[in-house]
Amino acid sequence: MAQQPLKKSHCVNNRPPFECIALLLQGGGALGAYQAGVYEALAEAGLQPDWVAGISIGAINAAIIAGNAPQHRVDMLRQFWNEVSVTNGPSWIDELITTGIRGDMARNGVNQFVANQVALTGVPGFFAPRLPGPWFYPQGSPEATSIYDTSPLLATLERLVDFDRLNNDGMRLSVGAVNVRTGNFSYFDTKTHQITPAHVMASGALPPGFPAIEIENEYYWDGGLVSNTPLSWVLNADDRQDTLAFQVDLWNARGDFPRDMPEVMMRQKEIQYSSRTRANTDSFRRLQKLRCALGKILEKIPSELRDSEEAKLLSSVASHKVYNIVHLIYRAATYEGHSKDYEFSHRSMEEHWKSGYNDAVRTLRHPEVLEPPSREEGTKVFDLGTDARD
C-alpha cells in the first residue's frame, strides 16, 4: 500500500504562518482509513499537527498519531488498518473481480458479503460478537447492553499507542464522547485530562453495538451521537490562535436523492453523521468576521471607556486571530452501500487510504491553502470538492 511520495514542489519548506496546525477527524468506522491517507500526505509535506482532535474512529486515528514519534506515525496507522482489515470475500469472488469483472453490482455484492461477515464474526483487534447474545446476561452489565465485546480494541490501543508520550509530548489531543446519563457532550483533552485507552474507546462506543465505557463513575457513548466532528471544539477554544485546520470528514452531506431502501439508509447516515460541517464553517466564518470588526472598534474607543465592564465583556469576545479551514471530505464510490462504515475488507481499506492521500496531495497543490486570510476577513475556507482547479 505504499504511496508515491510527494514531489518536492508539493512539500512545505517552511512552516506556514499559523500559531497552530490542527487535524480534525470525523467518525465513520471503516472509512477512517481515508484519514490515515490524508495524514500520510500531510506528514510527507512536513505539516505535522500541533493539535489533533477526533470522534469515534477519528479518535483512534488521532490517538495513534499523538501517541507515536513523528517518524513512526504512518507505520503505526498502517499497522492498525492492516490488522483490522478482513478478507476480501470468498476466493472465487475475489478472483472474478481481479480478473476483470469490476461492475458496480458485482463489487457491491462483494462489499455486502464482507460487511455481513463483519457483523457476524467481528473485526480482529477491534471487536468480537458476544456469545451468547446480550439477552442472556444480567441487566445493567456491559454484556447485556451491547452486541459486541470491544476488549480486543483495548489490547490494540495499548500495543500501538504510547500513552505516556501522548500525554507529555506537547501535541494536544482531544476526543469527544457523550455522557449516557446526562446526554451531554464531553471532550477529553490532554490540556485538562490524563488520556487513557478508556477515553479513546469511549469516543467510539457506538450503541447498541459497543458497550458504554466507564470513566470516573460515569458512562460514555460515541461522540457521534451528538456531533460527529470536533470542528467547533477547536475553533471555539478559549485560547484562540491563528489556526490552519484540516477538517477530514468521512460523510458527505451532499448527495443524490435515493432510489431504493438501501440508498435511503445510506443517505440517512450521510446526513446524520456529516454534522453539517459546511454550515457550521459558514456560521463560524461570519462570527469570526464580527469578532475581528469588534476588535478594531474597541481599539478606537476612548481610553476611559476601555475599562468599563461593558468594554471588558466585549473584549472577551473580540478577536484578531485568523483561521484557514481546509475541508477534505470522502466521496464514496457508487458501489459502496449503506454498510460502508463497517465493510472492513482489505481492498476497501486500501482504496480509502489512497483516496485520502490523493485528496490531500491535490489540496496542497493550491498555495492559498497555506496562506492566512486578512485580519479583516478573519476566516478562509478551502473545499477540494468546490475549489480545486486540477
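Quick note: residue numbers are just sequence positions, from 1.
- For the side-chain hydrogen bond (donor to acceptor under 3.5 Å, both in side chains) test, no residue two or more places apart in sequence or in another chain qualifies with E376.
- Salt bridge absent: R347 and E350 never bring a charged side-chain N and a carboxylate O closer than 4.0 Å.
- For Y273, the ring pair (Phe, Tyr, Trp, His ring centres under 6.0 Å) partners at least two apart in sequence or on another chain are W251.
- Here the closest non-hydrogen pair linking L25 and A62 is CD1-N, 3.9 Å.
- When every heavy atom of P138 is checked against every heavy atom of A144, the shortest pair comes out as O-CB, 3.1 Å.
- With sequence neighbours excluded, the residues satisfying side-chain hydrogen bond (donor to acceptor under 3.5 Å, both in side chains) with S339 are Q112.
- Contacts of D169 classified as side-chain hydrogen bond (donor to acceptor under 3.5 Å, both in side chains), with partners at least two apart in sequence or in another chain: R165.
- Residues passing the ring pair (Phe, Tyr, Trp, His ring centres under 6.0 Å) test with F185, sequence neighbours excluded: Y187.
- N179 and S186 share no donor-acceptor pair across their side chains, judged by distance under 3.5 Å alone.
- Between the side chains of E336 and Y330, a donor-acceptor pair is found at a separation under 3.5 Å.
- Every residue two or more places apart in sequence or in another chain was checked for a salt bridge (charged side-chain N to carboxylate O under 4.0 Å, His left out) with R286, and none qualifies.
- Residues D359 and R331 are not paired through a salt bridge, judged by the lack of any N-O separation under 4.0 Å between the basic side chain and the carboxylate.
- When atom types are taken as modelled, the side chain of T156 and the backbone of G125 share a donor-acceptor pair closer than 3.5 angstrom.
- With sequence neighbours left out, the salt bridge (charged side-chain N to carboxylate O under 4.0 Å, His left out) criterion links K269 to D341.
- Not counting sequence neighbours, K289 has no partner by the side chain to side chain contact (heavy atoms under 4.5 Å, CB included) test.
- Residues Y148 and F126 place their aromatic rings such that the two centres sit no closer than 6.0 Å.
- Considering only residues two or more places apart in sequence or on other chains, D189 meets the side-chain hydrogen bond (donor to acceptor under 3.5 Å, both in side chains) condition with R172, S174, W233.
- Scanning for side chain to side chain contact (heavy atoms under 4.5 Å, CB included) contacts around D238 gives an empty result, with sequence neighbours left out.
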Could you give me the CA-CA distance, side-chain angles and deciding distance for R240 and E19, then say whether salt bridge (charged side-chain N to carboxylate O under 4.0 Å, His left out) is met?
CA-CA 9 Å; R240 301 188 187 108; E19 296 168 304; over 6 Å; no
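- Taking the salt bridge (charged side-chain N to carboxylate O under 4.0 Å, His left out) definition, one finds that E371 meets it with nothing, sequence neighbours left out.
- With sequence neighbours left out, Y323 forms a ring pair (Phe, Tyr, Trp, His ring centres under 6.0 Å) with F284.
- Cation-pi check for R78 over W353 is met; the charged atom lies under 6.0 angstrom from the ring centroid and within 45 degrees of its normal.
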